[in-house]
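Atoms within a ligand are numbered from 1 in the order they appear, just like the ligands themselves. All values below were derived from every heavy atom in this structure, side-chain atoms included, with hydrogens, water molecules and symmetry-related copies excluded.
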Amino acid sequence: MNNKVSTTAPPEISGSIPCLDLDPFSDEFLINPYEGHATMRVAGPVVWLERYGVFAVARYAEVSAVLSDHSTFVSSRGVGLSDFAKDKPWRPPSLLLEADPPEHTEARAVVSKILNPKLLRSMKEEFQAQADAVVAEVAAKGEIDGVKDLAERYPLQVFPDWVGLDRDGRENLLPYGSMVFNTFGPVNELYSMALERGSAAVPWITEQCQPGRPDPDGFGAQIHREAAAAGYSEDDQARLLRSFLSAGVDTTVHGIGSAMQALAEHPAQFEALKADPKKARAAFEETIRYASPVQTFFRTANGDTEIAGVAIPEGSKILMFLASANRDPRQWEEPNSFDITRRAGGHVGFGFGVHACLGQMLARLEGECVLNALARLVKKIEPAGEAKIQLNNTLRGLDYLPLRLTPSTS
Ligand code: OVM
């Protein structure tokens, strides 16, 4: 395995900013990223990661600044380590994630027409009912795996139905998402293994995205209709829908899993949630800040520029540590404490600016429904063993979360 892209900083860079040899895609870093985040934040507003030959920003101010300046720090050259201007991506670029204005704006408008607050309000009752049913079942079971039994099960139940996907083959969604997010990182073992496992899912994903394939009453068919009306080719309609199958499952699974873990580890916070189940939405928001299911994304400098006075040459990759910004003590009081009563809004866990997560309202709906159900139907959530992390070059989440649930006695 060779994941060293560059070991020498260009002469105009070395000496002028901190050069660090930490590897943010190593198992060790991914297991506990918090010390590395602090090292980078303390070192300066911009650091050079010599192992990959990229700039990195880990403070809230600079992460926000890079996210805000989408015309200088572009997405069309890829939001992973690879520069699409130099290397061909493994799949046709996303029309949303891996695009810049004006194309990005047009694609986003197609989706926003459908995925609006009115639609989300209409989904709430059904999503809550499903969450209640799943939570009641796991509460009765007592000893559960919070990942398989709840964090994976609930999104895999509500999301594919809502999109209108086939019942058969849904087991392809998680390996596909894992591959998409792992391949934003360097070509390390995680990358290669995810590509190997995820490749088998590609034919099913591709098939599900074809026009006429999703259930005519679902969101997938609506995307096709709206995109067709906006003049998109059938291939591009399918590619728009592909974004939802790529980004819509693993992310919410990890958000819900991290929320379960945080509530089990902070019983006083769960008590506060039970005392007022309406805090479910705030509790999920705090989870996104605290755990940051999406840890990192890259941008590419489209011309010579600067960040915090540091010169950034054209073509540079900039690694944004969203998770570190979300725990930057310059921005947050007690950043490392999980507190569902804090004002977590303003976190960059969903990004920020023109590329801010398109599915964030859907993610919040899922998270809120699960946490609301837990608040009403569960008396106690306790750790019942050691949780196991799921390593991913971009995502932070769990593979296994042993919990003991005590149902509420009504
Ligand atoms: C996409 C896509 C894939 C992964 C993540 C994402 C966080 C989008 O295909 O558009 O946004």
Side-chain angles (χ1 to χ4, degrees), residues 63 66-67 70 73-82 84 89-101 103-112 114-115 155 159 163 165 172-185 190-191 194-195 198 201-202 204-206 208-209 219-220 223-224 227 232 235-255 288 291-299 319-323 325-326 347-364 366-367 392-397:
V63 169
V66 173
L67 285 170
H70 58 83
F73 302 107
V74 298
S75 291
S76 56
R77 291 169 72 166
V79 297
L81 175 61
S82 156
F84 293 179
W90 65 269
R91 59 174 201 165
S94 163
L95 297 172
L96 291 160
L97 181 76
E98 293 155 339
D100 296 320
E103 294 82 5
H104 169 264
T105 320
E106 286 157 23
R108 192 158 171 127
V110 169
V111 177
S112 305
I114 312 165
L115 199 55
F159 181 80
V163 176
L165 305 180
N172 288 299
L173 286 163
L174 287 174
Y176 185 75
S178 165
M179 167 170 66
V180 167
F181 283 98
N182 267 307
T183 55
F184 293 132
L190 286 171
Y191 182 115
L195 198 63
V202 173
W204 186 84
I205 296 285
T206 307
Q208 294 303 305
C209 290
F219 174 79
I223 287 283
H224 274 288
Y232 282 81
D235 271 3
D236 286 353
Q237 295 165 31
R239 224 198 296 185
L240 278 178
L241 180 52
R242 192 194 65 180
S243 284
F244 289 84
L245 307 197
S246 305
V249 187
D250 299 57
T251 47
T252 50
V253 165
H254 289 325
I288 304 303
S292 298
V294 176
Q295 295 267 298
T296 49
F297 266 127
F298 290 85
R299 293 290 189 258
L319 176 52
M320 305 177 294
F321 285 89
L322 307 176
N326 284 343
H347 69 72
V348 289
F350 287 126
F352 178 76
V354 300
H355 283 282
C357 178
L358 254 176
Q360 58 182 293
M361 296 310 252
L362 188 58
R364 286 195 184 101
E366 290 182 28
N392 185 291
N393 280 325
T394 301
L395 300 175
R396 181 167 182 80

>> With side chain to side chain contact (heavy atoms under 4.5 Å, CB included) as the criterion, how do F184 and T296 come out once you've worked through the C-alpha distance, each side chain's angles and the decisive distance to 0.1 Å?
In response: CA-CA 9 Å; F184 293 132; T296 49; over 6 Å; no
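- Residues satisfying the salt bridge (Lys or Arg N to Asp or Glu O under 4.0 Å) criterion with R299, sequence neighbours excluded, are absent altogether.
- F297 and F181 have tilted rings, their planes meeting at an angle from 30° to 60° on a 0 to 90° scale.
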In a simple table, one pair per line, please give the protein and ligand 1 atom names for every N or O pair closer than 3.5 Å, along with the distance.
| from | atom 1 | to | atom 2 | distance (Å) |
| --- | --- | --- | --- | --- |
| ligand 1 | 9 (O) | R91 | NH2 | 2.8 |
| ligand 1 | 9 (O) | S243 | OG | 3.4 |
| ligand 1 | 10 (O) | S94 | OG | 2.6 |
| ligand 1 | 10 (O) | S243 | OG | 2.6 |

Could you pull out all donor-acceptor pairs under 3.5 Å where a side-chain atom in residues 348-355 meets a protein atom, sequence neighbours excluded?
| from | atom 1 | to | atom 2 | distance (Å) |
| --- | --- | --- | --- | --- |
| H355 | ND1 | H104 | NE2 | 3.3 |
| H355 | NE2 | S75 | OG | 3.4 |
| H355 | NE2 | A99 | O | 3.2 |

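- Looking at V294 and L395, their side chains come closer than 4.5 Å, going by heavy atoms from C-beta outward.
- With sequence neighbours excluded, the residues satisfying salt bridge (Lys or Arg N to Asp or Glu O under 4.0 Å) with D236 are R239.
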